[in-house]
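Reading through the structure tokens given below for one structure.
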Amino acid sequence: MWSGANRAAEEFYAGLLQEFDENKKGIRKDPFIYEADIQVQLISKGQPNPLKNILHENETIFIVEKVPLEKEEPSPIEELQSEDTAISDLSTGENVGLLALPIGRARQLIGFYTMAHNPNMTHLKINRPVTALPPLWVRCDGSDPEGISWLGAELISTSSNITGIVLYMVTCKGESSLLFCGVDKNYSVNLEDLKKSHKKRHHLSTLTASGFARYELFKSTALDDTVAASQTTITLDISWSPVDEILQTPPLSSTATLIVKHDAAAVDGSIECLLTVRGDLDFAEQLWCKMSSSVISYQDLVKCFSLVIQSLQRGAIQPWLHSGSNSLLSKLIHQSYYGTMDTVSLSGTVPVQMLLEIGLDKLKKDYICFFIGQELASLNHLEYFISPSVDTQEQVHRVQKLHHILEIVVSCMLFIKPQHELLFSLTQSCIKYYEQNPLDEQHIFQLPVRPTAVKDLYQNEKPQKWRVEINSGQKKVKTVWQLSDSPPIDHLNFHRPDFSELTLSGSLEERISFTNMVTCSQVHFK
């Protein structure tokens with residue numbers, strides 16, 4: 001029996017090592033297969049990580065899971081049947097393509113990883129000194145009494161050798177309950193029990209308990225199935241220490257961060273209302289407004305500019321312009337004041353370029369009017385975005401950035417109505433980001449805020465996520481208990497209530513909540 005386990009540990013380690021070495025060399029490949037039914041994939045920093053809702057860290061790890069079954073192409077009849085049964089499959093909790101392993105198999109793989117790194121296992125046919133590999137995490141199917149969803153192993157090492165290993169266990173349960181809605185805080189665990197368990201497991205006398213809470217201040221949704229849900233979200237993350245009790249409301253001494261992610265469709269209509277029509281439109285801006293609503297072809301564009309230029313040449317009109325206009329049309333208008341105008345050939349892309357230039361000038365002035373009028377920025381703050389000293393394409397990119405900032409600010413103004421101080425700080429944060437980075441409409445803006453400035457937004461609200469982390473001074477030696485309104489585990493099914501039987505008020509109160517725990521134990525190699 002032991003010889004078989006030894007060979008299995010050697011083979012498993014060899015596969016992990018090869019995957020690790022090839023990844024360091026930049027060789028990307030599919031997950032490697034171990035014993036036909038298991039696949040192992042190395043997840044590097046910055047890649048989508050299935051443990052992101054549990055570890056809250058961005059590090060390189062191995063993910064071990066079952067090889068997914070290949071699906072056969074369905075026949076037309078099967079396709080019709082699958083459509084008819086799709087809803088019932090979801091309601092019964094059937095999980096197609098489950099990748100999790102039984103707990104016994106998962107513990108076996110963790111054991112192989114531990115054996116291979118144990119310096120006392122000199123009988124194993126492994127080159128010494130052993131290469132310290134990234135942490136190993138195994139998906140578990142949660143079928144055991146504890147509901148284990150992940151097992152993990154992470155090495156304890158010094159600069160010269162491996163001294164031990166930290167073994168992690170993640171459990172998760174989901175149930176329909178009133179508890180998370182603030183009606184009751186009497187959970188089956190309490191803070192003191194968690195502390196006692198942590199001390200007993202690690203034989204340590206000192207510890208700290210730090211808290212984290214996330215409040216979803218706003219999330220836009222679709223009104224019906226025919227309209228795609230928008231993705232505007234405004235959340236507030238709060239951290240503090242020490243923690244006094246489970247589900248404690250964060251104190252005002254906490255550290256708070258506001259995460260804003262917008263969706264253009266959710267705010268475009270509101271932007272039009274907030275960007276009221278200015279009463280000081282000059283000739284070029286008025287022309288742009290009329291052309292943007294009436295010009296429908298290239299020929300219309302040429303005809304319109306021809307009429308304007310001819311009128312300028314005859315002196316029939318002497319329009320006024322704002323100072324600072326840099327479009328070709330504004331230059332022609334200025335020249336007409338003195339009776340001399342350059343000859344412009346309205347062919348090729350010239351008419352389109354002229355239209356783009358007067359449109360850019362107008363948008364810049366609209367945005368200046370908004371940000372300065374709302375006392376969110378000065379002209380100096382906006383200089384980068386409105387500068388005419390770069391080519392037209394770059395000007396377009398910078399105005400797009402400015403529009404994205406406007407969308408973010410308007411989202412906050414509409415949906416959470418924060419104090420002006422917070423809006424100003426958010427605007428300045430966005431401005432600084434976009435002075436250094438390209439346009440990224442998926443970027444989540446984070447803004448440190450004082451809890452006292454946002455206390456009205458969260459103190460009477462239910463947290464979307466609440467977590468306590470008990471630590472003994474070492475980063476990897478911790479116990480974590482978390483409650484959330486969405487499952488932190490992506491490969492397990494949880495019973496969900498039949499919402500068709502709930503009233504509107506009941507559906508708001510009887511939400512399903514998820515509790516998960518991360519515990520760890522240290523094993524020292526002697």
Side-chain angles (χ1 to χ4, degrees), residues 15-16 18-34 38-71 90 95-101 106 109-110 113 133-142 148-154 168-172 174 212 214 216 219 228-235 237 257 259-263 433 437-446 464-465 467 469 475-476 480 482 484-494 514 516 518:
L16 295 176
Q18 181 177 351
E19 186 86 354
F20 181 60
D21 287 341
E22 291 180 351
N23 182 268
K24 286 197 301 183
K25 296 175 183 177
I27 302 174
R28 306 299 302 167
K29 64 173 188 175
D30 294 333
F32 87 83
I33 306 302
Y34 176 72
I38 291 172
Q39 67 178 16
V40 184
Q41 185 172 10
L42 187 64
I43 305 294
S44 301
K45 291 182 179 180
Q47 290 183 305
N49 190 326
L51 287 159
K52 65 180 180 180
N53 292 324
I54 301 169
L55 293 181
H56 320 295
E57 297 171 359
N58 183 19
E59 58 183 17
T60 299
I61 58 173
F62 283 110
I63 297 294
V64 182
E65 54 199 1
K66 187 184 295 183
V67 174
L69 297 176
E70 293 186 5
K71 294 184 180 180
L90 289 174
N95 192 335
V96 180
L98 189 67
L99 299 179
L101 297 167
L109 297 172
I110 293 290
Y113 177 89
L133 296 177
L136 182 84
W137 285 86
V138 185
R139 287 187 194 267
C140 304
D141 60 17
I148 299 174
S149 55
W150 287 96
L151 286 180
E154 184 168 5
Y168 293 93
M169 181 175 73
V170 178
T171 60
C172 187
F212 171 87
R214 170 169 293 169
E216 190 173 75
K219 182 176 183 179
S230 62
Q231 300 298 316
T232 296
T233 55
I234 304 174
T235 57
D237 289 355
T257 302
I259 298 185
V260 179
K261 181 181 179 183
H262 94 291
D263 175 70
Y433 175 83
N437 296 282
L439 178 67
D440 179 8
E441 295 187 350
Q442 300 304 312
H443 181 73
I444 299 176
F445 286 90
Q446 296 181 323
Q464 180 189 25
K465 182 182 296 183
R467 179 172 71 243
E469 181 173 311
K475 181 181 179 182
K476 302 301 180 182
V480 179
Q482 177 176 283
S484 60
D485 65 359
S486 59
I489 309 298
D490 62 2
H491 62 269
L492 297 184
N493 283 311
F494 299 94
F514 303 87
N516 73 277
V518 180

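Source: prediction; values computed, not measured.
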Quick one: closest heavy-atom pair of Lys45 and Glu59, and the distance? CG-CA, 3.7 Å
Out of curiosity, Ile27 CD1 to Gln18 CD, how far, rounded to the nearest 0.5 Å? 9.0 Å
Nearest heavy-atom contact between Phe62 and Val40 is CD2-CG1, 3.7 Å
Please enumerate all residues that pass ring pair (Phe, Tyr, Trp, His ring centres under 6.0 Å) together with Tyr433, with sequence neighbours excluded. His443, Phe445
Got a sec, which residues hit ring pair (Phe, Tyr, Trp, His ring centres under 6.0 Å) with Tyr113, two or more places apart in sequence or on another chain? His117
Do you know which two heavy atoms are closest between Tyr168 and Val518, and how far apart they sit? CD2-CG1, 4.1 Å
Flag side-chain contact, heavy atom, 4.5 Å: Arg139 against Lys66: no
Between Glu19 and Gln41, the two heavy atoms sitting closest are OE2-CA, 4.3 Å
Glu65 versus Pro50: any side-chain heavy-atom pair under 4.5 Å? no
Partner set under ring pair (Phe, Tyr, Trp, His ring centres under 6.0 Å) for Tyr34, not counting sequence neighbours: Phe12
Here the gap from Asp21 atom CG to Leu42 atom CG, rounded to the nearest 0.5 Å, amounts to 10.5 Å
Tell me, do Ile63 and Trp150 make a side-chain contact under 4.5 Å, heavy atoms counted? yes
Atom of Ile61, atom of Pro134 and distance for their closest heavy-atom approach: CA-CB, 4.3 Å
Counting N and O atoms only, with roles assigned by atom type, does the side chain of Ser149 sit under 3.5 Å from a partner on the main chain of Val170, one being a donor and the other an acceptor? yes
Sub-4.5 Å side-chain heavy-atom contact between Ser484 and Arg214: no
So, for Val67 and Leu99, which heavy atoms are closest and what is the spacing to 0.1 Å? C-CD2, 4.5 Å
Out of curiosity, Ile38 CD1 to Leu109 CG, how far, rounded to the nearest 0.5 Å? 4.5 Å
Are side-chain heavy atoms of Leu151 and Met169 found at a separation under 4.5 Å? yes
What distance separates Gln39 CD from Asp30 CG, expressed to the nearest 0.5 Å? 9.0 Å
Quick check for you: to the nearest 0.5 Å, what is the distance between Leu51 atom CG and Ile43 atom CD1? 9.0 Å
